[in-house]
Peer 1: 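Would you mind keeping the following structure in view while I ask a few things?
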Amino acid sequence: MKKIKASAPGKLMLFGEHAVVYGYPCIVTAVEQRVRVEVQKIENDILKIEAPEVGVRGYTKKIKSLGEKANIPKGVIFLNMAVKNFFKKYKIESGLKIKTKSEFSSEFGFGSSSAVTVAAIKALAELFKIKLKNKQLFDLAYKTVLEVQGVGSGFDLAAAIWGGTLLFVTGGRKIVPLKIKELPLVVGYTGVKADTPTLVRKVAELRQRYPQLVDGIFDNINFVVEEAKNSLIEGDWQKTGELMILNQGLLEALGVNTKKLSDLIFAALDAGAYGAKLSGAGGGDCMIALGSERMKREIAQAVEKAGGKYLEVKPNAEGVRIE
Ligand code: MEV
């Protein structure tokens with residue numbers, strides 16, 4: 001039977017993480033490390049999944065019991081929920097085989113679960129001949145992610161769908177593509193996988209204890225994002241770098257920084273980067289640094305010397321597409 005393939009990019013948060021969970025804007029860029037999903041109808045009334053990168057081989061589930069969260073390997077829970085939501089919304093019943101392939105490790109915090117969710121829904125829409133606008137795809141994917149992990153602004157889904165570099169407000173209230181020609185980023189992986197829902201909850205608890213202080217930090221992050229939007233469009237790296245350092249200080253105040261992240265950030269700054277900060281929830285995952293093309297090599301070497309893993313990443317990548 002006919003096979004449909006779709007791919008979606010991963011993401012890197014540039015500015016505004018955590019505040020975006022509370023209704024503020026953030027800036028995210030899609031990265032040219034893609035997740036590929038292949039879907040195919042099958043005769044039996046089951047969902048079959050092959051996702052070898054996350055250790056899933058020969059997974060099967062009755063279509064009728066999709067959406068149950070118990071006893072589902074973590075690597076397939078998003079796919080399981082995405083298929084349930086898609087079938088429910090479009091009143092479809094069919095057996096299905098899904099295969100996934102990722103160009104990046106799910107450890108990096110590039111948003112593999114979101115990219116897989118987006119690519120799967122895009123491929124399903126093509127397979128069942130349903131016209132989905134980007135916003136409809138976003139809403140279905142966002143519902144899926146919230147059902148699985150309970151928290152999240154949805155910025156990573158927007159990056160996977162629209163691609164490029166976006167100004168994004170919580171839940172997709174605002175999604176504005178930013179015209180950016182280049183973005184000379186160095187990305188360093190700490191070697192530690194961050195647990196985003198736990199970090200989001202940690203910030204929520206801090207906010208409960210110090211509402212004025214934490215909302216003040218969010219307001220300041222908002223100012224950073226507003227300024228960064230313009231400096232990125234203008235290609236003013238000096239200013240963008242300064243804003244990264246300001247954003248990093250505010251994240252430090254929220255308690256989501258780690259020593260390992262700081263080590264890599266200072267190494268990048270010492271090597272001449274315009275600015276550097278953690279990217280995403282904090283607690284691990286990746287840091288990003290900004291330097292001219294000429295400086296990138298030195299910054300990358302410094303990050304490696306400080307114990308990070310340099311990741312070759314191309315930002316501003318194309319959004320979801322049928323392959
Ligand atoms: C995590 O990568 C970014 C957070 O802002 C959470 C979210 O926006 O979903 C901490």
Side-chain angles (χ1 to χ4, degrees), residues 8-31 33 35 78 81 104-118 138-139 141-162 165-176 185 187-190 192-207 214-215 217-222 224-225 228 244 247-258 261 277-288 311 313 315:
K11 57 78 193 163
L12 275 174
M13 179 70 99
L14 299 180
F15 291 96
E17 46 272 89
H18 285 289
V20 67
V21 177
Y22 296 86
Y24 293 91
C26 71
I27 300 177
V28 59
T29 191
V31 299
Q33 256 90 350
V35 173
F78 286 87
M81 209 63 95
F104 59 88
S105 159
S106 61
E107 306 284 298
F108 295 161
F110 282 179
S112 55
S113 308
S114 294
V116 98
T117 304
V118 163
F138 176 86
D139 289 342
Y142 192 41
K143 178 177 157 60
T144 301
V145 167
L146 286 184
E147 277 175 4
V148 175
Q149 64 183 28
V151 291
S153 64
F155 80 103
D156 38 8
L157 298 166
I161 295 170
W162 277 267
T165 300
L166 306 170
L167 182 91
F168 174 89
V169 178
T170 331
R173 273 181 249 158
K174 213 169 167 188
I175 298 170
V176 185
L185 278 186
V187 182
Y189 176 53
T190 55
V192 180
K193 169 124 182 80
D195 177 357
T196 300
T198 302
L199 286 149
V200 169
R201 273 192 288 274
K202 189 176 158 189
V203 172
E205 278 162 23
L206 192 71
R207 184 169 178 256
V214 172
D215 283 343
I217 293 171
F218 291 159
D219 285 338
N220 279 307
I221 291 178
N222 184 29
V224 169
V225 169
M244 287 169 90
N247 198 160
Q248 173 64 15
L250 294 163
L251 288 163
E252 169 94 53
L254 289 178
V256 297
N257 192 29
T258 65
L261 280 163
K277 65 182 275 294
L278 66 85
S279 170
D285 285 351
C286 289
M287 51 71 72
I288 52 175
L311 303 176
V313 168

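What's counted below: heavy atoms across the whole structure, side chains too, no hydrogens, waters or symmetry copies. Order of appearance sets the numbers: ligands from 1, and atoms from 1 within every ligand.
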Peer 1: Which protein N or O atoms sit under 3.5 Å from any N or O of ligand 1? Give each pair with its distance.
Peer 2:
| from | atom 1 | to | atom 2 | distance (Å) |
| --- | --- | --- | --- | --- |
| ligand 1 | 5 (O) | H18 | N | 2.9 |
| ligand 1 | 8 (O) | S153 | OG | 2.6 |
| ligand 1 | 9 (O) | S153 | N | 2.8 |
| ligand 1 | 9 (O) | S153 | OG | 3.4 |

Peer 1: Measure across V118 and A8 and return the closest heavy-atom pair with its distance rounded to 0.1 Å.
Peer 2: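 The pair with the smallest heavy-atom distance is CG1-CB, 4.1 Å.
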Peer 1: To the closest 0.5 Å, what do you measure between CG (L278) and CE (M13)?
Peer 2: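 It comes to 10.0 Å.
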Peer 1: Under the criterion side-chain contact (heavy atoms from CB on, under 4.5 Å), which of T117, T144, V145 is the partner of M81?
Peer 2: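 Exactly one pass, corresponding to T144.
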Peer 1: Only one of T29, N247, V225 clears side-chain contact (heavy atoms from CB on, under 4.5 Å) with L14; which?
Peer 2: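 Of the listed options, the one satisfying the test is T29.
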Peer 1: Between the main-chain N or O of G255 and the side-chain N or O of K202, is there a donor-acceptor pair closer than 3.5 Å?
Peer 2: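 Checking the backbone N and O of G255 against the side chain of K202, a donor-acceptor pair under 3.5 Å is found.
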Peer 1: Got a donor-acceptor contact below 3.5 angstrom from the Y24 side chain to the H18 backbone?
Peer 2: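 Between the backbone of H18 and the side chain of Y24 there is no qualifying donor-acceptor contact (under 3.5 Å).
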